[in-house]
Every structure is written in C-alpha cells, then in structure tokens.
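One structure below.
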Amino acid sequence: MTRALLVIDMQRGFDDLTFWGPTANPACEANVAALIAAWTANDEPIVIVRHDSASPGSPLHPDSPGNALVDAVAAAPAALRISKAVNSAFYGDQDLHAWLTAQAIDEVVVCGIQTNMCVETTARMAGNLGYDTTVVLDATRTFDLSAEIPGLGTVTRSAAELMADTALVLQQGGFARIRTTAELAG
C-alpha cells in the first residue's frame with residue numbers, strides 16, 4: 001500500500017450558502033463519493049479530515065450540526081480520522097505525516113472543501129514533505145471571495161476562478177498534479 005485518499009472537510013456546514021456565499025462545482029460530493037467507492041473497492045486507505053472551527057458562530061464549530069460529515073464521507077471505511085482547527089490536515093488531532101510514514105504511504109490524493117483553502121494548504125504541505133501529490137479538482141469546491149486588499153483595493157474572485165487559480169498554482173508550482181475523478185475512479 002503506497003497511496004491514500006485524503007478527504008478534506010466534507011461537512012454539512014458548507015451547504016449553508018447564506019454563510020459562505022455562492023459556490024461552484026455542485027458535482028463535488030458525488031465525485032468524492034465515487035473516489036471513496038474506488039478506494040474501498042481497491043482496499044486502499046482513506047483518511048477523513050474534519051474541520052472543528054474554534055469560532056462559536058461558524059457552521060463548522062463542533063457544537064453546530066454543520067460540523068457533521070456528509071453521508072458518503074461519514075459512512076466511509078476510514079483508516080484514519082483527523083480533526084483540525086487550521087487549514088492543513090498535517091496539523092490535526094492525529095499526526096497525518098507520522099501515520100503516512102508508518103504505513104509506508106508515499107502518494108496522497110486530495111479532495112474535498114475548500115479548494116483554495118484547506119485542500120490547497122494540505123496539498124502544498126504534502127508536496128513540500130515529499131509526497132507524490134494529486135488533487136482531484138472536480139472533487140473539490142469553494143466559494144466566491146471578495147476583500148479589501150491593501151495596495152490593490154477590492155479584489156473579487158468567483159469560486160470557479162479560485163478553483164482554476166488553485167489548480168494552476170498547484171500544478172505549475174510543482175506541488176501537485178491535477179486530475180479528474182474519471183481518471184482516478186473511472
């Protein structure tokens with residue numbers, strides 16, 4: 001066994017679009033379920049990561065019903081479950097790097113939410129730690145962003161733009177390969 005599927009933050013709280021705003025890629029959950037089915041059929045390890053927000057008002061706070069995993073992920077036969085309060089799955093309650101090393105896993109496939117936040121941060125760290133890293137872009141999603149940035153003014157990006165930007169930076173920066181669900185689970 002040399003490959004693991006990392007499923008990042010597939011939680012019900014991300015369905016609250018009044019909190020998060022517009023999103024892209026409505027096929028994300030079905031694609032994550034297809035990857036889980038493929039990994040299960042091949043008896044390959046699946047790591048389930050859940051974000052436990054420290055903010056009491058967040059839909060991802062442990063006391064919120066939104067902290068729960070979506071059904072397909074909750075039912076997955078996880079080899080490891082990690083809870084985290086930061087962007088990277090490598091900084092959670094279970095040491096992902098130590099576990100991957102102990103299992104002699106040198107390749108990770110990353111999917112989940114949000115493409116440009118926790119998925120990207122986990123993929124960058126995996127690449128920096130020497131893992132052969134793949135991000136399944138169509139098994140991720142994110143939300144529109146807009147903010148005042150000093151020196152730039154108001155910067156606004158749609159979820160689709162953020163997904164494309166993340167894919168470009170990860171692939172061209174040498175952090176990860178970008179693949180589709182059909183390529184890996186088809």
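Basis for what follows: all heavy atoms, side chains included, without hydrogens, waters or symmetry-related copies.
- Considering every non-hydrogen atom in both G21 and F143, the closest pair reads O-CD2, 3.4 Å.
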| said: Test side chain to side chain contact (heavy atoms under 4.5 Å, CB included) on T180 and L137; report intermediate values, then the result. | reply: CA-CA 6 Å; T180 66; L137 190 65; over 6 Å; no

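- Nearest heavy atoms, Q11 versus V70: C-CG1, 4.1 Å.
- Annotation: the span from I8 atom CD1 to S88 atom OG amounts to 8.0 Å, rounded to 0.5 Å.
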| request: Please test R50 against V73 for side chain to side chain contact (heavy atoms under 4.5 Å, CB included), starting from the C-alpha separation and ending with a verdict. | output: CA-CA 10 Å; R50 185 187 71 238; V73 176; over 6 Å; no

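- We find that D132 and R3 are not joined by a salt bridge, their nearest charged nitrogen and carboxylate oxygen being 4.0 Å or further apart.
- Between D93 and R81 there is no salt bridge, since no side-chain N of the basic residue sits under 4.0 Å from a carboxylate O of the acidic one.
- With a 6.0 Å radius and a threshold of 12 heavy atoms from other residues, nucleotides or ligands, F175 has its CZ atom above the threshold.
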| task | Using the side chain to side chain contact (heavy atoms under 4.5 Å, CB included) rule, take Q114 and L162 through it: C-alpha gap first, then chi angles, then the decisive distance, then the call. | result | CA-CA 10 Å; Q114 295 185 57; L162 289 167; over 6 Å; no

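- A salt bridge links D15 and R141; the closest N-O separation between the charged side-chain nitrogens and carboxylate oxygens is under 4.0 Å.
- Within the 4.5 Å cutoff, side-chain heavy atoms of V136 are placed close to those of L35.
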| request: In sequence, state the C-alpha distance, the side-chain angles, and the governing distance for T140 and T115, and then conclude on side-chain hydrogen bond (donor to acceptor under 3.5 Å, both in side chains). | output: CA-CA 5 Å; T140 74; T115 314; 2.8 Å; yes

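- Below 30°, between 30° and 60°, or above 60°: for F14 and W20 the angle between ring planes is between 30° and 60°, a tilted geometry.
- Minimum heavy-atom separation, L129 to H97: CD1-ND1, 4.0 Å.
- Using a 4.5 Å cut-off on side-chain heavy atoms (C-beta onward), L6 and L96 make contact.
- At a threshold of 4.5 Å between non-hydrogen side-chain atoms, the residues M10 and C28 count as touching.
- Of the candidates T166, D165, T121, T142, N116 forms a side chain to side chain donor-acceptor pair (under 3.5 Å) with just one, namely T142.
- Of all heavy-atom pairs spanning A139 and T181, the tightest one is CB-OG1, 3.8 Å.
- Between I105 and P45 the shortest side-chain heavy-atom distance falls below 4.5 Å.
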| task | Begin from the C-alpha positions of H51 and I113 and carry the test side chain to side chain contact (heavy atoms under 4.5 Å, CB included) through to its verdict. | result | CA-CA 10 Å; H51 190 88; I113 303 172; over 6 Å; no

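- Side chains of N67 and D52: a donor-acceptor N/O pair is present below 3.5 angstrom, by distance only.
- Taking each heavy atom of L60 and G66 in turn, the nearest pair found is CD2-O, 3.9 Å.
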